[in-house]
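Note that the structure is a prediction, hence the values are computed from the model and not measured. Letters A, B, ... are given to chains in the order of the sequence lines, protein chains preceding strands, and every chain is numbered from 1.
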2 protein chains.
Amino acid sequence: MTAQRRVVAEVLDGEHVHLSADEVLDRAQRRLPEISLATIYNTLNELVAMGEIGVFRGLEGGLRYDPNADRHHHLLCDTCAAIFDVTPKESAGVELDELERRGFRVDRTEVVFHGRCPRCQ
Amino acid sequence: MTAQRRVVAEVLDGEHVHLSADEVLDRAQRRLPEISLATIYNTLNELVAMGEIGVFRGLEGGLRYDPNADRHHHLLCDTCAAIFDVTPKESAGVELDELERRGFRVDRTEVVFHGRCPRCQ
DNA sequence: TTTACTGCAAACCGTTTGCAGTTCC
DNA sequence: GGAACTGCAAACGGTTTGCAGTAAA
């Protein structure tokens, strides 16, 4: 556990947001100015591999790191690209029957709700 | 309507697959060898803007062009990145209640089933 | 002659990689 | 000394853009 890794972990901890690697770099550099983008990526990839955080692709194609590793879904604003968490209580019961699956084994289901956030409407 | 556009439209027409721009280029060049990648992108972007085809991001982050513009969902193999269409008959009834929406206006819901395709299991 | 479209090459953005230098045991 | 980690810079893959040349009306 190095200073760099601690800082990256701290940046993500407790955030409800979905930061890009650049944003993580920004915040990390406020605490440790000499930290580099490569280290940010190294560390983020390790955290993802350990299951500590999640990743997914934002609208623009870049990766977003999600401190909330628990299963949840996303609301995505098609106008400003903002991302909100959502955890449907009915637990998003999308199920495929055997016919629809055609031999595919489904491990997890990801739901993205596209639309407009309150500010962009 | 130029020869190039006709060829791009022909390449996509009737396919059930989800082609990358490069794959569209490959197939288009078999019919029109001098066609360029830039033209492929120009034409694909126009077709998307017209609603003739769909786009989404594949696992690797690149864009996939989907000749099937009708609403449907995807099965995504996390091993070989293959993509299959699926149209749940129960129409994938994931709905958020007003509380969960928090002022967000939902226009469309995208569901991705992650897992293993028959060949990769 | 104007307009739209093409193809090339360069730019671009986010991510990954190679490698030399550093730190810590 | 050896293992692990850092930071730089270069490479990379996919997409977009600027621009000069071409074709069509």
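- Distances shorter than 4.0 Å separate some side-chain N or O of B/Thr39 from OP1 or OP2 on C/dG7.
- Taking every side-chain heavy atom of B/Ala21 into account, D/dT15 is the closest of C/dC8, D/dG7, D/dT15.
- Minimum interatomic distance between B/Phe84 and A/Arg102 (heavy atoms only, all atoms of both residues): CB-NH2, 3.9 Å.
- You'll find that the side chain of A/Thr2 is closest to D/dC5, out of D/dC5, D/dG14, D/dA9.
- What you find for A/Leu96 and A/Arg101 is that their closest heavy atoms are O-NH2, 3.2 Å.
- Aromatic ring centroids of A/His74 and A/Phe56 lie under 6.0 Å apart.
- Within the 4.5 Å cutoff, no side-chain heavy atoms of B/Val112 are placed close to those of A/Val112.
- B/Pro67 approaches B/Val17 most closely through the heavy-atom pair CD-O, 3.2 Å.
- Closest heavy-atom contact between B/Arg105 and B/Asp107: NE-OD1, 3.1 Å.
- A straight line from CD1 of A/Ile35 to P of D/dC8 spans 11 Å, rounded to a whole angstrom.
- Atoms CZ (A/Arg6) and C1' (C/dC24) sit 14 Å apart, rounded to a whole Å.
- Atom pair B/Arg5:CZ and C/dG7:P shows a separation of 11 Å (rounding to whole Å applied).
- Across the protein-nucleic acid pair, B/Ile40 atom CD1 and D/dT16 atom C1' stand 15 Å apart, rounded to whole Å.
- Atom-to-atom, CD of B/Glu34 to C1' of D/dG21 comes out at 15 Å; the value is rounded to the nearest Å.
- B/Leu37 places its CG atom 8 Å from the C1' atom of D/dT15, with the value rounded to the nearest Å.
- Near DNA chain C, meaning a heavy atom under 4.0 Å away, the residues from residues 41-66 of chain A are A/Tyr41, A/Asn45, A/Gly62, A/Leu63.
- The nearest whole Å value for the distance from the CD atom in A/Gln4 to the C1' atom in C/dG21 is 14 Å.
- Closest approach to the A/Asp22 side chain among D/dG7, C/dC8, C/dG14 is made by C/dG14 (side chain taken as heavy atoms from C-beta onward).
- A donor-acceptor pair shorter than 3.5 Å cannot be found between the side chains of A/His18 and A/Asn68.
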